[in-house]
Amino acid sequence: MINIAITQRISSEYDGREIRESLDVRWYEFMKSCGFFLIPISVKHDILQFLQKMEISGIVLSGGNDLFSVSSEEVNKIRDTFEKKLLQEAIKANMPVIGVCHGMQQINNFFGGSLQSVKNHVAISHEIRGENLRRSVNSFHNYAVKNIPEDFEADYVSFDGIIEAFHHKYKSIYAVMWHPEREKIFQLEDIKLFQKIFEGKNEK
């Protein structure tokens, strides 16, 4: 089974005396349905050692936390710093990456894109449109991509023109704004997408 690393949400407790990392347990079931073994990575891990020792084949930048650029909490800075280093190492190793919600914003920021605040995108479902497909997805975000980075292409756009998914033209880097792990019944389109990213399945 392929090992996939996933980053975690960070929170501060007891007036900053305790920093916690957490992950929605539904991620494990979703990745299992894709055929992958999921391994959380901590901001305290040595990235290169972790990737090598755990035989990691791909990375998920998960949801949760705003970027430090829009919310200057210390935990956001900690996570941003770590995920940028993780992205750098993944790119060096030609390792596939997918960003989910916060993860998409992180990838966008890493490559020089910008964000904008949006309304009516929290705790709803809405339609997205791509070249060959329309589908309904969940939405849990207050910020979205404003300017798509150079060398990226948009895959899906929401009902109000917000970019909901994109990919790098030359690298194995993808991103979506919805949460596949939060669906009551995991969607086949999401399973196929993750299999395409991490196994090269379902290529056109």
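Counting begins at 1 with the first residue of the sequence. All figures in this text were calculated on a predicted structure; none of them were measured in a lab.
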Over 60° means perpendicular and under 30° means parallel, so classify the ring planes of H45 and F50, tilted if in between.
tilted
Can you find a pair of side-chain heavy atoms, one from M104 and one from I163, that are under 4.5 Å apart?
yes
Residue pair R79 / S62: nearest heavy atoms and the distance that separates them:
NH2-O, 2.8 Å
Side-chain heavy-atom pair I173, K171 within 4.5 angstrom cut-off:
yes
Verdict with supporting geometry, E164 and V176, side chain to side chain contact (heavy atoms under 4.5 Å, CB included):
CA-CA 6 Å; E164 292 282 330; V176 300; over 6 Å; no
With V100 as partner, the option from Y174, W178, W27 fulfilling side chain to side chain contact (heavy atoms under 4.5 Å, CB included) is W27
With heavy-atom distances below 4.5 Å as the criterion, would you say the side chains of S22 and R9 are in contact?
yes
Do I98 and F198 come within less than 4.5 Å of each other through their side chains, counting heavy atoms only?
yes
Any N3 side-chain heavy atom under 4.5 Å of E55 side chain
yes
Less than 4.5 Å apart, side chain to side chain, heavy atoms only: is that true for I56 and I41?
no
CG of N65 to SG of C101, rounded to nearest 0.5 Å, is 10.5 Å
Cationic N near anionic O, under 4.0 Å, D190 to R135:
yes
Run H102 and D66 through side chain to side chain donor-acceptor pair (under 3.5 Å) and show every step you take.
CA-CA 7 Å; H102 162 92; D66 287 324; over 6 Å; no
Polar side-chain atom of E153 near backbone of D151 as donor-acceptor pair, under 3.5 Å:
no
Enter the distance from S11:OG to E73:CD here, rounded to the nearest 0.5 Å.
10.5 Å
Any sub-3.5 Å donor-acceptor pair from E89's side-chain atoms to L48's backbone N or O?
no
Nearest heavy-atom pair of H167 and D155: which atoms, and what distance?
ND1-OD1, 2.9 Å
Would you kindly confirm whether L193 and Y28 end up in one hydrophobic cluster when ILVMFWY residues are joined by side chain heavy atoms under 4.5 Å apart?
yes
Got a donor-acceptor contact below 3.5 angstrom from the T81 side chain to the K77 backbone?
yes
So F152 and N108, side chain to side chain contact (heavy atoms under 4.5 Å, CB included) or not? Walk me through it.
CA-CA 9 Å; F152 278 79; N108 181 69; over 6 Å; no
Check whether H179 reaches the backbone of E181 with its side chain - one donor and one acceptor, N or O, closer than 3.5 Å.
no
Same apolar cluster (I L V M F W Y, side chains within < 4.5 Å links), V157/I128
no
Given I39 and I6, is the side chain to side chain contact (heavy atoms under 4.5 Å, CB included) satisfied, shown in steps?
CA-CA 6 Å; I39 305 177; I6 186 167; over 6 Å; no
State, yes or no, whether a side-chain contact exists between H168 and F111 at a heavy-atom distance under 4.5 Å.
yes
For F166 and A154 the tightest heavy-atom approach is CB-CA, 3.9 Å
Could you go through L86 and L61, starting from their C-alpha distance and side-chain angles, then the distance that decides it, and tell me whether this counts as side chain to side chain contact (heavy atoms under 4.5 Å, CB included)?
CA-CA 9 Å; L86 184 60; L61 303 181; 4.1 Å; yes
For N94, does the CG atom sit with more than 12 other heavy atoms under 6.0 Å from it, leaving out its own atoms?
no
S33 side chain to F30 main-chain N or O, any donor-acceptor pair under 3.5 Å?
yes
Show your reasoning for whether side chain to side chain donor-acceptor pair (under 3.5 Å) applies to S114 and N147.
CA-CA 5 Å; S114 60; N147 296 315; 2.9 Å; yes
Evaluate the ring pair (Phe, Tyr, Trp, His ring centres under 6.0 Å) criterion for residues F194 and F36: first the C-alpha distance (whole Å), next the side-chain angles of each, then the deciding distance (0.1 Å), finally the verdict.
CA-CA 9 Å; F194 275 67; F36 307 131; 7.7 Å; no
Quick check: are there more than 12 heavy atoms from other residues, nucleotides or ligands sitting under 6.0 Å from NZ of K169?
yes
Does CD in E150 sit with more than 12 non-hydrogen atoms of other residues, nucleotides or ligands closer than 6.0 Å?
no
Rounded to the nearest 0.5 Å, what separates atom OG in S69 from atom CG in D80?
7.0 Å
Would you call I10 and F82 a side-chain contact if the rule is heavy atoms closer than 4.5 Å?
no
Does E127 form a salt bridge (charged side-chain N to carboxylate O under 4.0 Å, His left out) with R129? I'd like the steps, not just the answer.
CA-CA 7 Å; E127 183 181 85; R129 302 178 183 184; 3.0 Å; yes
Hydrophobic clusters here meaning ILVMFWY residues chained together by side-chain heavy-atom distances under 4.5 Å, can you tell me if V145 and Y143 are in one?
no
Within one Ile-Leu-Val-Met-Phe-Trp-Tyr cluster: V97 and M31, side-chain cutoff 4.5 Å
no
Is any NZ, NE, NH1 or NH2 atom of the basic residue among E29 and R26 found under 4.0 Å from an Asp or Glu carboxylate oxygen of the other?
no
Of all the heavy-atom pairs spanning P40 and L23, show the shortest one and how long it is.
CG-CD2, 4.3 Å
Distance-minimising heavy-atom pair for I59 and I4
N-CG2, 4.3 Å
Determine, using the 4.5 Å side-chain heavy-atom cutoff (strictly less than), whether V60 and L87 are members of one ILVMFWY cluster.
no
Sidechain N-carboxylate O distance under 4.0 Å for R20, E18:
yes
Quick check: does any side chain N or O of E83 sit under 3.5 Å from a backbone N or O of G103, one acting as donor and the other as acceptor?
no
What's the shortest heavy-atom distance between I2 and S57, and which atoms?
CG2-CB, 3.5 Å
